[in-house]
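Side chains included, hydrogens not; waters and symmetry mates left out as well; all remaining heavy atoms used.
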Amino acid sequence: MRYDLVIFDNDGVLVDSEPISNRLLAAYLTELGHPTSYEDSLRDYMGSAMHRVHDLVLERTGRRLPADFDEVFHTRVFAAFERELRPVPGASGVLEKLAADGVPYCVASSGSHERIRVGHRTTGLDRWFTDERIFSAEDVGRGKPAPDLFLYAAGRMGVAPERCLVVEDSPLGVQAAVAAGMDVYGFTAMTPPDRLAAAGHLFSDLGELPGLLA
């Protein structure tokens with residue numbers, strides 16, 4: 001195989017959470033007096049850590065979000081996950097194939113450790129991820145588009161950046177992977193391909209991934 005490690009983004013790549021979380025984020029920001037559409041949320045925040053939401057709102061309006069913003073938002077998101085969240089089609093099969101073939105893999109997500117675990121538990125993907133395979137923006141100083149998270153994950157997994165493949169569905173994530181010196185495949189199931197043009201390869205069906213790694 002061409003790579004010694006496959007690094008998955010989580011939201012939108014393994015769990016189909018982006019429609020849920022961006023719908024709720026847009027609604028909550030609007031509720032707080034920062035009118036935001038679902039499309040705005042996807043454009044500005046998809047694939048980013050929570051600090052980007054705070055930073056952009058402050059930059060654009062001069063107003064800080066409430067101190068309990070993250071807590072309230074995550075409570076709403078986790079409740080919606082319990083009702084609605086599903087794995088991305090093909091995710092279980094891809095992880096099963098990688099595990100069976102002995103291909104090292106992990107997840108590196110802008111979401112919190114709690115959010116990753118809630119999503120995996122709700123969708124049944126938790127059986128593929130021990131704690132040693134889960135990395136969050138909480139583990140580093142800067143989230144995507146900075147390369148820090150991907151470099152941290154590769155270091156912890158003992159693999160050189162140039163031997164890593166990142167699977168991403170957000171422009172910020174693709175930017176982070178490129179900055180980390182890693183190859184990146186852009187997953188276009190819900191992201192327009194032109195927004196992931198910096199990726200080395202684009203694909204829309206997660207089930208295609210094992211064949212692309214050969």
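- To the nearest 0.5 Å, atom CG of residue Leu125 and atom CZ of residue Arg117 are 13.5 Å apart.
- Met46 and Met50 fall into different hydrophobic clusters, where Ile, Leu, Val, Met, Phe, Trp and Tyr residues are linked whenever their side-chain heavy atoms come under 4.5 Å apart, directly or through other members.
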#### Entry: Stepwise side chain to side chain donor-acceptor pair (under 3.5 Å) check, Glu114 with Ser112
CA-CA 5 Å; Glu114 183 181 14; Ser112 66; 5.1 Å; no
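- Taking hydrophobic clusters as Ile, Leu, Val, Met, Phe, Trp and Tyr residues chained together by side-chain heavy-atom distances below 4.5 Å, Ile134 does not share a cluster with Leu149.
- Listed for the Asp101 side chain is no donor-acceptor partner under 3.5 Å among the backbone atoms of Val103.
- The hydrophobic cluster containing Tyr3 does not contain Ile7, counting ILVMFWY residues as joined when their side-chain heavy atoms lie under 4.5 angstrom apart, directly or transitively.
- Results of the side-chain hydrogen bond (donor to acceptor under 3.5 Å, both in side chains) test with Arg115 over Ser21, Ser136, Ser109, Ser110 single out Ser21 as the only residue that passes.
- Residue Leu29 is tested with Asp44, Asp40, Val57 for a side chain to side chain contact (heavy atoms under 4.5 Å, CB included); the sole match is Val57.
- More than 12 heavy atoms of other residues, nucleotides or ligands sit less than 6.0 Å from atom CZ of Arg43.
- Between His113 and Asp131, the closest side-chain pair of non-hydrogen atoms is not below 4.5 Å.
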#### Entry: Worked check of ring pair (Phe, Tyr, Trp, His ring centres under 6.0 Å) between Phe150 and Phe135
CA-CA 9 Å; Phe150 288 137; Phe135 304 99; over 10 Å; no
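- Taking CG of Asp148 as the start and CZ of Arg142 as the end, the distance is 4.5 Å to the nearest 0.5 Å.
- Using modelled atom types, no side-chain atom of Thr123 and backbone atom of Val15 make a donor-acceptor pair closer than 3.5 Å.
- Aromatic ring pairs are classed by plane angle as parallel below 30°, tilted from 30° to 60° and perpendicular above 60°; the pair Phe73 and Tyr28 is parallel.
- Under the 4.5 Å side-chain heavy-atom criterion for ILVMFWY residues, no single connected hydrophobic cluster contains both Tyr152 and Phe8.
- No more than 12 heavy-atom neighbours from other residues, nucleotides or ligands sit within 6.0 angstrom of CZ on Arg64.
- Considering CG of Leu165 and CG of Asp4, their distance stands at 11.5 Å, rounded to 0.5 Å.
- No continuous path of hydrophobic side-chain contacts links Val107 to Met182 [ILVMFWY only; heavy atoms under 4.5 Å].
- Rounding to the nearest 0.5 angstrom, the gap separating the CD atom in Glu162 from the SG atom in Cys164 is 8.0 Å.
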